[in-house]
2 protein chains.
Amino acid sequence: MASKTQSRRDDLRTKLIELGEAEIIEHGLPALKARDLAAKAGCSVGAIYNAFPDLHHLALAINGRTFRRLGAQVAGAVEPLAEAPACERLVAMGLAYLDFASQNTAAWRALFEIDMAVGEDIPGWYMVALEALFDHIRRPVAELRPDLCAEDVEFLVRGLFSSIHGIVWLGLQKRISAVPRPELSRMITLILSEIGQ
Amino acid sequence: MASKTQSRRDDLRTKLIELGEAEIIEHGLPALKARDLAAKAGCSVGAIYNAFPDLHHLALAINGRTFRRLGAQVAGAVEPLAEAPACERLVAMGLAYLDFASQNTAAWRALFEIDMAVGEDIPGWYMVALEALFDHIRRPVAELRPDLCAEDVEFLVRGLFSSIHGIVWLGLQKRISAVPRPELSRMITLILSEIGQ
DNA sequence: CCTCCCATTGAACGATGTTCAAAGCATACC
DNA sequence: GGTATGCTTTGAACATCGTTCAATGGGAGG
């Protein structure tokens with residue numbers, strides 16, 4: 001029975017995820033440091049590498065949580081609007097995305113800052129969570145544009161997500177655009193409304 | 001007369017910029033290393049800090065070059081279309097942006113990867129170059145939407161740029177979206193065409 | 001209670017950006 | 001020209017990373 005050791009390792013895993021999440025929420029991905037984590041978790045630096053292969057995988061686990069929170073918030077924004085017009089639902093999702101990014105800027109940025117060139121060790125759930133997000137967008141888009149084939153709907157979904165993401169990303173960046181919050185809402189509404197004709 | 005020393009420092013500056021640019025074009029911003037540069041430039045590591053306050057400012061100088069190349073390519077794409085409909089010109093610029101990003105991926109990514117939280121030392125020309133890019137977009141947008149006030153045109157310009165940027169950024173990323181090149185063109189064309197009604 | 005095995009430790013390694021006392025060199029003055 | 005002065009250049013040293021690994025310690029089975 002390896003229960004004692006196993007459970008202790010699992011405890012450390014979750015403790016590291018929670019501490020790391022707090023750090024990323026507060027100070028962003030670059031603030032995720034091995035020695036800081038070890039000090040806060042009350043373990044040695046080496047112990048981290050027993051729970052995770054490296055800091056990259058810890059960051060991925062934290063990003064997983066952020067992704068689920070994001071998905072829940074976006075889903076929560078459209079749920080009450082099940083009967084509303086598709087265009088309205090699209091706008092609601094776009095604004096929910098902006099809200100989440102505004103309220104969780106550091107953690108949300110970490111979703112895209114993480115170095116993806118590392119290799120194929122991007123976990124499957126990463127793509128799964130992304131697809132779940134796309135699912136929410138696909139429904140209203142398909143309703144709005146029955147003239148498009150499935151493939152074109154798919155591209156429009158990805159294009160719309162990327163567009164809104166770009167607006168929020170550059171808008172929340174201090175330097176490139178620095179657009180005040182209400183104007184970001186208007187831009188998102190404008191883009192999503194025009195798509196729906 | 002401080003000509004000898006001055007000119008030598010300037011020589012080192014341009015040499016470092018050229019070497020660093022080659023490195024960033026080839027391997028991206030993270031490959032910009034002080035010791036590598038010194039070895040290639042045939043100087044000591046300390047000499048770099050005589051020509052630039054730090055590597056961050058060297059990277060900014062290199063980004064400046066990239067920015068100007070980008071602006072020239074986008075401008076070159078609309079120039080032959082001076083008489084074409086505004087919508088067509090918008091699409092041409094969007095596709096030119098995609099072209100540049102595809103052909104100079106590493107250097108183009110460096111434009112946005114550079115850490116902007118450092119402070120207010122973002123040079124003025126950075127914003128100037130960005131404004132010049134926005135100028136090109138503003139003209140066709142204003143033509144297409146005479147119903148909008150100047151402020152709304154401004155937001156639409158920024159929103160359109162951010163949208164196209166988002167599509168290209170995520171599209172060229174290996175993991176998030178991974179949309180093949182022709183489909184990226186179609187998405188861009190789709191978004192820009194629909195805006196123009 | 002002993003023994004083996006694996007988890008844990010933290011000093012050490014290699015890489016990084018940056019600094020600074022020392023050395024070198026060019027310019028100005030006599 | 002020679003000498004003095006001040007800036008430039010050097011590269012070893014420092015601080016800070018992520019990561020490793022020999023040594024240590026503690027828990028499971030006999």
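In what follows, every chain begins at residue 1, and chains take the letters A, B, ... in the order their sequences are listed. Just so we're clear, the structure is a prediction, and the values are computed from it rather than from any experiment.
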query: What is the distance, rounded to the nearest whole Å, between atom CG of A/L55 and atom C1' of D/dG18?
result: 7 Å
- prompt: Given side chains that start at C-beta, do those of B/V91 and B/E88 come closer than 4.5 Å, heavy atoms only?
  reply: no
message: Checking the side chain of A/R89 only, and the main-chain atoms of A/A84 only, is there a donor and an acceptor separated by less than 3.5 Å?
response: yes
- prompt: Just how far, in rounded Å, is P of C/dG17 from CG of B/L29?
  reply: 11 Å
field: Residue A/C43, side-chain heavy atoms: nucleotide from C/dT18, D/dT19, C/dT9 that is nearest
entry: C/dT9
field: Length of the CZ-P vector between B/F52 and C/dT18, whole Å
entry: 13 Å
statement: From CG of A/N50 across to C1' of D/dC21 the rounded distance in Å is 13 Å
message: For DNA chain C, which residues of residues 31-39 of chain B approach it to below 4.0 angstrom with any heavy atom?
response: B/L32, B/K33, B/A34, B/R35
query: Which nucleotide sits closest to the side chain of B/V45: D/dA12, C/dT8, C/dA11?
result: D/dA12
- prompt: Rounded to whole angstroms, how far apart are CD1 on A/I48 and P on D/dC17?
  reply: 13 Å
message: Less than 4.5 Å apart, side chain to side chain, heavy atoms only: is that true for A/N104 and A/I25?
response: no
task: Starting at atom CG of B/L12, determine the distance to atom P of D/dT8, rounded to an integer number of angstrom.
output: 12 Å
- line: From CG of A/L58 across to P of D/dG18 the rounded distance in Å is 11 Å
field: Protein-nucleotide distance (A/L16, atom CG; C/dT8, atom C1'), rounded to Å
entry: 14 Å
Solution key, residues 134-141 of chain B side-chain donor-acceptor pairs under 3.5 Å, sequence neighbours excluded:
from   : atom 1 : to     : atom 2 : distance (Å)
B/D135 : OD1    : B/R138 : NH1    : 2.4
B/H136 : ND1    : B/A132 : O      : 3.3
B/R138 : NE     : B/E154 : OE1    : 2.8
B/R138 : NH2    : B/E154 : OE1    : 3.3
B/R138 : NH2    : B/E154 : OE2    : 3.1

task: Kindly indicate whether the side chain of B/L98, heavy atoms from C-beta on, has any atom under 4.5 Å from the side chain of B/I164.
output: no
query: Under a 4.5 Å cut-off applied to non-hydrogen side-chain atoms, are A/Q103 and A/W108 in contact?
result: no
